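The first residue in the sequence is number 1, and the count goes up from there. Worth saying up front: this structure is predicted, and the values here are computed from it rather than measured.
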Amino acid sequence: MTVSPVLAAWEACDKTDTLFVLICTVICWTIVPTVGIAYSGYTWKRNALHAAMPAILTIATCSIQWFIHFFHKGVLSEPVGTIPAILFSEFQLVFEATVCAIAVGGFCERGRLLPVIPFIFLWATFIYCPLAHMVWGGGLLGETLGVLDFAGGTPVHVCSGATATAISIYLSYPLFRSRKSDVRTPTHIRIHRPGNSFFQLLSLIIIWGSWLAFDAGTTLALNFQSVMALCVTNLCAASGALTWNLITFYETGKWSVDSTFMGAISGLVMITPSAGFIDMPTACFFGIFGAVLCRQALRIKFTKFAHHWRWVDNGDTFATHCIGGVAATIMTGLFAQKEVAAYGGVEVAGGVIFDGNIRQLWVQVVEAVVGFTWAFCGSYIIIALIDCVPGLEVLAIDKHISQGLDMNEVEGFLGNLEYPDEVDYAPTARGTIILG
């Protein structure tokens, strides 16, 4: 019997590597809806479903967008490395959906859900895909400059953080239909405690565990580099979680699920671009440094400046993913080791400290600047264009947005990342968010 070309190509794939990436893909898929659960834990309890829905819309919309890109013509069992092309494509889809789920956190508590769908489709097509190609697909940053970005310091974290920031700024200062509407007033929102700490704990467990597969699976093969990537990822998240929590305990005398969550996330952000290039001691240092840096960046939203200029960082996306992503990208240029990269058969020149490759530092800086500029400007243009369409106004109506703190209340937050008990956290507006 004649063997079809599809089955012949399948026989050429390595079954162990295929199974490994298949399992990693399934595990990593859980990150996307879990990001929504995490955002719902941040928000007012009445807004929890509204905060979770963008992540669900993301995985559905991104899956359709990814498929209709040339309708996956010819993407079947032909080997990409040692795995089938369609599995490689599915793994990359999970990357795109993860980034998008983080990014649309900028809509939390102030944006409408209906415009999220066209935003996801356009953003994935014109922002994420070109940037991912620039870094990983033989484009300007990866092929020409030679950036070191193992699993997405810029395409994942800088891109999502810059996008969420662009969305937040537009919702504070809309230009088109949202601005002209009589029932929509751009405003700051009240700083409040996380609405559901259990959701944060659940999200911490799932994201921390799944991110091990996210980084390990990036090797696209079961080798020692994938094992090393998993181990440094776990250590970096652990050192970040413990560092953030210890600082909180030192300042307040209390342990905090929120601090554990934020510290672990900052660690995962820091390790993403360097997971295939650094050793264990360096990973531990990255986690500590990331927790301290992102915790300081988080203070911005508690200031008078933030209140005055309607600066809203609801999901702490700017403080963790954007600031942390930029730092992680640059520090990869400092601490990357060609010896560690060789665990996966990859030849790189290494970084500044261990291999004396000073050029790598400015290459990483260029990557971070290009990634932020591309994502921020492009996302701002897309949300502004959507806001021009009747029925797709991006800003929620006034009665469904909690108003900002007055200046006396803001005083209580300055220099303090905890949420004081004496402040009235009840929202000034009643009702539920419109899901349309």
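Between Leu113 and Pro54, the closest side-chain pair of non-hydrogen atoms falls below 4.5 Å. You'll find the side chain of Val158 stays beyond 4.5 Å of the side chain of Phe376, heavy atoms only. Put simply, the side chain of Val232 does not reach to within 4.5 Å of the side chain of Asp279, judged on heavy atoms. At least one side-chain heavy atom of Thr320 sits less than 4.5 Å from a side-chain heavy atom of Met262. The shortest distance between side-chain heavy atoms of His69 and Cys129 does not fall below 4.5 Å. Under the 4.5 Å side-chain criterion, counting only non-hydrogen atoms from C-beta, Asp387 is in contact with Pro174. With a 4.5 Å cut-off on side-chain heavy atoms, Ile127 and Leu131 do not count as touching. Between Asn223 and Tyr343 there is no side-chain heavy-atom pair separated by less than 4.5 Å.
Nearest heavy atom pair, residue Gly240 against residue Ala291, reads O-CB, 3.5 Å. Across all their heavy atoms, Leu171 and Phe107 have their closest contact at CD1-CA, 4.2 Å. Counting all heavy atoms, side chain and backbone alike, Cys62 lies closest to Ala97 at SG-CA, 4.0 Å. Heavy-atom minimum distance, Ile386 versus Val394: CG2-CG1, 4.2 Å. Of all heavy-atom pairs between Gly325 and His157, the closest is CA-CB, 3.9 Å. Among all heavy-atom pairs drawn from Met270 and Cys236, the shortest one is CB-SG, 4.1 Å.
If you check the side chains of Trp66 and Ser89, you find a donor sitting under 3.5 Å from an acceptor. In this model, no donor atom of one side chain and acceptor atom of the other lie less than 3.5 Å apart for Trp309 and Ser172. Looking at Asp14 and Thr82, their side chains never bring a donor and an acceptor atom within 3.5 Å of each other. Counting only N and O atoms by type, the side chains of Ser266 and Trp244 include no donor and acceptor under 3.5 Å apart. A donor atom on one side chain and an acceptor atom on the other are found under 3.5 Å apart for Asn245 and Thr260. For the residue pair Thr317/Tyr39, the side-chain donor-acceptor check at 3.5 Å is satisfied. Using a 3.5 Å distance cut-off with no hydrogens or angles, the side chains of Ser256 and Thr248 do not pair a donor with an acceptor.
Applying the salt bridge (charged side-chain N to carboxylate O under 4.0 Å, His left out) test to Glu96 and every residue at least two apart in sequence or in another chain returns nothing.
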Decide side-chain contact (heavy atoms from CB on, under 4.5 Å) for Thr165 and Trp311; before the verdict, give the C-alpha distance in whole Å, the side-chain angles of both, and the deciding distance to 0.1 Å.
-> CA-CA 9 Å; Thr165 302; Trp311 172 260; 3.7 Å; yes
Let me see the working for Thr272 and Trp211 under side chain to side chain donor-acceptor pair (under 3.5 Å), right down to the final yes or no.
-> CA-CA 9 Å; Thr272 302; Trp211 213 271; 3.2 Å; yes
Would you check, one step at a time, whether the test side-chain contact (heavy atoms from CB on, under 4.5 Å) holds for Leu93 with Glu90?
-> CA-CA 5 Å; Leu93 161 63; Glu90 196 71 12; 3.7 Å; yes
Test Met331 against Phe285 for side-chain contact (heavy atoms from CB on, under 4.5 Å), laying out the working first.
-> CA-CA 11 Å; Met331 289 179 66; Phe285 167 70; 3.6 Å; yes
Given Val366 and Val370, is the side-chain contact (heavy atoms from CB on, under 4.5 Å) satisfied, shown in steps?
-> CA-CA 6 Å; Val366 170; Val370 170; 4.0 Å; yes
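Other residues, nucleotides and ligands contribute over 12 non-hydrogen atoms within 6.0 Å of the CG atom of Leu175. Within a 6.0 Å radius of CH2 in Trp208, other residues, nucleotides and ligands contribute more than 12 heavy atoms. Atom CZ of Phe305 is surrounded by 12 or fewer heavy atoms from other residues, nucleotides or ligands within 6.0 Å.
Between Phe95 and Phe214, the ring centre distance stays below 6.0 Å.
A donor-acceptor contact shorter than 3.5 Å is absent between the side chain of Thr154 and the backbone of Gly371. Judged by distance alone, the side chain of Asp17 and the main-chain N or O of Ile83 form no donor-acceptor pair under 3.5 Å. At distances below 3.5 Å, at least one donor-acceptor pair connects side-chain atoms of Gln364 with backbone N or O atoms of Thr329. Looking at Ser168, its side chain never comes within 3.5 Å of a backbone N or O of Gly106 through a donor-acceptor pair.
With rounding to the nearest 0.5 Å, the separation of CG in Leu222 from CD1 in Ile23 is 9.5 Å. Residue Asp149 holds its CG atom at 6.0 Å from CH2 of Trp136, rounded to the nearest 0.5 Å. Taken from CG in Leu212 to CG in Leu230, the straight-line distance is 4.5 Å, to the nearest 0.5 Å. Residue Thr243 holds its OG1 atom at 12.5 Å from CG of Leu293, rounded to the nearest 0.5 Å. Summarising the geometry, atom OG1 belonging to Thr125 is positioned 8.5 Å from atom CD1 belonging to Ile382; distances are rounded to the nearest 0.5 Å. Note: Phe277 CZ to Leu148 CG = 5.0 Å, rounded to the nearest 0.5 Å.
Exactly one of Thr34, Ile265, Ile31, Val35 qualifies for a side-chain contact (heavy atoms from CB on, under 4.5 Å) with Ser203. That residue is Thr34.
Salt-bridge formation is detected for the pair Asp316/Lys301: a Lys NZ or Arg NE/NH1/NH2 atom is positioned less than 4.0 Å from an Asp or Glu carboxylate oxygen.
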